[in-house]
Amino acid sequence: MSLIPEIKSEQSIELLKELHILTRDGKLNQDSRRKLKQVYHLYHFIEPLMEEVLADGRALTLADHGAGKSYLGFILYDLFLKSRDTGHVYGIETREELVARSRELAGRLGFERMSFLNVSVEDSIDAKELPGEIDIVTALHACNTATDDAIKFALSKKARFIVLVPCCQAEVASVLKKNKNQSFGKTPLSEIWRHPIHTREFGSQITNVLRCLQLEAHGYQVTVTELVGWEHSMKNELIVARHTGAPRRNAEERLERILDELNLAEMRERFIY
């Protein structure tokens, strides 16, 4: 049992040391405590989804996009999959040195059902190393358009569940800024993003609104909530989507109207396909 209250009793202390969440003498600093809390909160949301997949007799496949050092993938495997004889975690990351390190660590720990791909989120859609269907797709702090690529990946892989914590959504804000003068003559709503700080914040907010409508148009039931308290992270919005096969009737229509009203028509291919 862990002597540190924040650490789950079934959690491997050696794994946390290897991930540098714990120091070599088993201590947890403030930054690591914050990071661990975020991953544990995400685990809290993902665990019942994994249980549900297994309960339906599926082998369980999970793809983690923008995996970085694969904190999430390793902790999911350690807490949930290690004690089972089924289930596979795929970590997808563009930084070759992080992929190599994760492969080495998984081999050393005997985590045989973990694979790591050195490809972009977009290129992973056609990667031969991945199965045709993935049960759960996650993207924790996948920056800017990587979250949208993760959504596209999930749709192409017929994901049953999608769990996203978006980060640094700059693309929509840049289009709002570019079209600002034209928007002033089009809609009084342009006052919402007239000032640069509002452009940034509103751009981030509307990006996630469009993503939710996109998922609903593809037959997902969407829940949006906080990951952890705002004192731990400013990138804190958690989107959980469950495939029901019943598209929200007017989701795509509303998405189209928002793009038109906000002078974002050039973003159509990003959100509608």
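None of these values were measured; they are calculated from a predicted model.
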Quick one: do Ile192 and Leu262 satisfy side-chain contact (heavy atoms from CB on, under 4.5 Å)? Show the steps, please.
-> CA-CA 10 Å; Ile192 296 172; Leu262 301 185; over 6 Å; no
May I ask you to check if Arg84 and Phe80 form a cation-pi contact, with NZ or CZ under 6.0 angstrom from the six-membered ring centre and within 45° of the axis?
-> yes
Evaluate the criterion side-chain contact (heavy atoms from CB on, under 4.5 Å) for residue pair Leu140 and Leu42; output intermediate values, then yes/no.
-> CA-CA 9 Å; Leu140 174 59; Leu42 201 51; 3.9 Å; yes
Over all heavy atoms of both residues, which pair between [X] and [Y] is shortest? Give the atoms and the distance, please.
X: Leu81; Y: Arg113; value: O-NH2, 3.2 Å
X: Thr147; Y: Cys167; value: OG1-N, 4.3 Å
X: Val165; Y: Leu238; value: CG2-CD1, 3.8 Å
X: Ala154; Y: Ile162; value: CB-CD1, 3.5 Å
X: Gly91; Y: Ala67; value: CA-CB, 4.1 Å
X: Ala63; Y: Ile92; value: CB-CD1, 4.3 Å

Backbone of [Y] reached by a side-chain donor or acceptor of [X] within 3.5 Å:
X: Thr23; Y: Lys27; result: yes
X: Thr61; Y: His88; result: no
X: Ser183; Y: Ser190; result: no
X: Thr86; Y: Ala59; result: yes
X: His218; Y: His243; result: no
X: Thr207; Y: Gly203; result: yes
X: Ser32; Y: Leu28; result: no

Contact between [X] and [Y] at the side-chain level, heavy atoms closer than 4.5 Å - yes or no?
X: Phe202; Y: Val172; result: no
X: Thr138; Y: Leu62; result: yes
X: Trp193; Y: Ile206; result: no
X: Gln11; Y: Leu15; result: yes

Begin with the C-alpha distance, continue with both residues' side-chain angles, and end with the deciding distance and a verdict on side-chain contact (heavy atoms from CB on, under 4.5 Å) for Tyr220 and Val240.
-> CA-CA 9 Å; Tyr220 286 83; Val240 180; over 6 Å; no
Is it the case that the side chains of [Y] and [X] hold a donor-acceptor pair, with the cut-off being a distance below 3.5 Å and no angle test?
X: Gln214; Y: Asp148; value: no
X: Asp78; Y: Ser12; value: no
X: Gln38; Y: Tyr71; value: no
X: Asp123; Y: Ser120; value: yes

Intermediate values then yes/no, salt bridge (charged side-chain N to carboxylate O under 4.0 Å, His left out), Asp260 and Arg257 | CA-CA 5 Å; Asp260 178 66; Arg257 290 177 64 184; over 6 Å; no
Answer yes or no: is there an ion pair linking [X] with [Y], defined by an N-O contact shorter than 4.0 Å?
X: Glu93; Y: Arg95; answer: yes
X: Glu261; Y: Lys186; answer: no
X: Glu266; Y: Lys178; answer: yes
X: Asp149; Y: Lys152; answer: no
X: Glu133; Y: Arg58; answer: yes
X: Asp56; Y: Arg160; answer: yes

Between His65 and Phe153, how do the two ring planes meet: parallel, tilted or perpendicular, split at 30° and 60°?
-> perpendicular
What distance separates [X] [atom1] from [Y] [atom2], expressed to the nearest 0.5 Å?
X: Leu215; Y: Ile151; atom1: CG; atom2: CD1; answer: 5.0 Å
X: Phe161; Y: Leu49; atom1: CZ; atom2: CG; answer: 5.0 Å
X: Arg254; Y: Asn250; atom1: CZ; atom2: CG; answer: 5.0 Å
X: Leu117; Y: Leu130; atom1: CG; atom2: CG; answer: 5.0 Å
X: Leu72; Y: Asp64; atom1: CG; atom2: CG; answer: 4.5 Å
X: Arg194; Y: Phe184; atom1: CZ; atom2: CZ; answer: 6.0 Å

List the steps, then state whether ring pair (Phe, Tyr, Trp, His ring centres under 6.0 Å) holds for His195 with His198.
-> CA-CA 5 Å; His195 299 286; His198 294 158; 5.6 Å; yes
I'd like to know if [Y] and [X] are part of one continuous hydrophobic network [Ile/Leu/Val/Met/Phe/Trp/Tyr, side-chain heavy atoms within less than 4.5 Å].
X: Tyr77; Y: Leu16; answer: yes
X: Ile136; Y: Val39; answer: yes
X: Leu264; Y: Ile272; answer: yes
X: Leu36; Y: Leu76; answer: yes
X: Ile46; Y: Leu164; answer: no

Partners meeting side chain to side chain contact (heavy atoms under 4.5 Å, CB included) with Lys17 (sequence neighbours left out) |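 Here the qualifying residues are Ile13, Glu14, Leu22, Arg24.
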How about [atom1] on [X], more than 12 heavy atoms from neighbouring residues, nucleotides or ligands closer than 6.0 Å, or not?
X: Glu171; atom1: CD; answer: yes
X: Asp85; atom1: CG; answer: no
X: Glu96; atom1: CD; answer: no

With a cut-off of 3.5 Å and sequence neighbours excluded, list every side-chain donor-acceptor pair involving residues 103-112.
from   : atom 1 : to     : atom 2 : distance (Å)
Arg103 : NE     : Phe116 : O      : 3.1
Arg103 : NH2    : Phe116 : O      : 2.7
Glu104 : OE1    : Arg108 : NH2    : 3.0
Glu104 : OE2    : Arg108 : NE     : 2.7
Glu104 : OE2    : Arg108 : NH2    : 3.4
Arg108 : NH1    : Glu18  : OE1    : 3.4
Arg108 : NH1    : Glu18  : OE2    : 2.5
Arg108 : NH2    : Glu18  : OE1    : 3.3

Only one of Arg248, Gln221, Arg211, Arg249 forms a side-chain hydrogen bond (donor to acceptor under 3.5 Å, both in side chains) with Glu216, so which one is it?
->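 When side-chain hydrogen bond (donor to acceptor under 3.5 Å, both in side chains) is applied between Glu216 and each of Arg248, Gln221, Arg211, Arg249, only Arg248 qualifies.
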Does the separation of the ring centres of Tyr43 and His41 fall below 6.0 angstrom?
-> no
Do Ser102 and Phe74 pass the side-chain contact (heavy atoms from CB on, under 4.5 Å) test, and can you show the C-alpha distance, the side-chain angles, and the key distance before you say yes or no?
-> CA-CA 9 Å; Ser102 293; Phe74 277 111; 4.1 Å; yes
